[in-house]
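Following: one structure in structure tokens, then a few remarks.
Note that this is a predicted model, so its numbers are computed, not measured. As the structure lists them, so they are numbered: ligands from 1, and atoms in each ligand from 1.
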Amino acid sequence: MKENLKPWTREEFEEKLREKGKGYHIYHPFHVMMYEGKLSKEQLQCWVANRFYYQISIPMKDAAILSNCNDVEVRKQWIVRITDHDGQDAEDGTKAVGGIEAWIQLGDAVGLTREQVTSLKMVSPGVKFAVDAYVNFARQRPWQESVCSSLTELFAPHIHQQRISSWPTMYPWIKAEGLSYFKKRLTEARRDVEQGLGVTLDYFSTSRERQLKALDILQFKLNVLWVIADSIMLASTDIKTDGRDYLRQPVINFD
Ligand code: AHQ
């Protein structure tokens, strides 16, 4: 029985978390095609427009974690994630460029208008369902579990670095300033993970059963990212079924 097994040491537990990286979306066929320069301009535009829904949902997810978290020291550090994305305007009112604005600039760099990105008109239902599942997880689960789910960022610097180094060669038509979001995340992700890993190793290391639950929570988030890539790949691939265009369903926003 799992509950009879003694917990892994912190080092062993961290190793098990890192081993989950083999299921990271960097290995998804869509991201492999992106890295190999095989995506069309339309496919990249579809990816940027769909991922925008994920980007604007991250601060909502982090605010949900804060609202569930009763630990002042954790909140003091976690709150910076919101301003990373929303930006923090200067005293004199100068608009800051946070991650959300940087992503809109990425949209411009790949040839999308601000409206095409911010209207969410290009977001596929599958992307919305996967992202909403992540935000609702953070709203409903204990804050420590939501912190654990953010640990896919253990693997994020690698994928950001891949884009920074491959896009100029593979997609020379993309304006260089579009890469600023990924450059920004290189440092932010590493800082985020330090806090997230510390909370996770502390909270889940009381039993083997809890440690196994942490691995399942991380797998849930890996699945969120994987399904986002699945949906974008399908939405951006010209599929003809008996000569008819693949039927694309409109995304529904109730709020
Ligand atoms: O741009 C990304 C980001 O801000 C975050 C926050 C973090 C979280 O709290 O779940 N995860 C995450 C990720 C971002 N970018 C993804 C990408 O591939 O560009 C990777 C993703 C992650 O690894 O979870």
Those residues at least two apart in sequence (or on a different chain) that pass side chain to side chain donor-acceptor pair (under 3.5 Å) with Asp89 are Lys95

Taking only residues two or more places apart in sequence or in another chain, which ones pass side chain to side chain donor-acceptor pair (under 3.5 Å) with Thr83?
->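 Scan of Thr83 (side chain to side chain donor-acceptor pair (under 3.5 Å), adjacent residues dropped) gives none.
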
Does atom OH of Tyr24 have more than 12 heavy-atom neighbours, drawn from other residues, nucleotides or ligands, at distances under 6.0 Å?
-> yes

Should we count CD1 of Ile164 as having more than 12 external heavy atoms under 6.0 Å?
-> yes

Under 3.5 Å, which donor-acceptor pairs link side chains of residues 16-23 to any protein atom two or more places apart or in another chain?
unit_1, atom_1, unit_2, atom_2, d
Arg18, NE, Glu14, OE2, 2.9
Arg18, NH2, Glu14, OE2, 3.0
Lys20, NZ, Gln219, OE1, 2.9
Lys22, NZ, Glu19, O, 3.3

Can you list the steps and then say if Phe52 with Val123 is a side chain to side chain contact (heavy atoms under 4.5 Å, CB included)?
-> CA-CA 8 Å; Phe52 184 69; Val123 175; over 6 Å; no

Ligand 1: protein residues within heavy-atom distance under 4.0 Å |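 Contacts of ligand 1 under 4.0 Å: Tyr24, His25, Arg51, Tyr54, Gln55, Ile58, Lys61, His85, Tyr134, Ser150, Thr152, Glu153, Ala156, Ile159, His160, Arg163, Tyr181, Arg185, Lys221, Leu225.
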
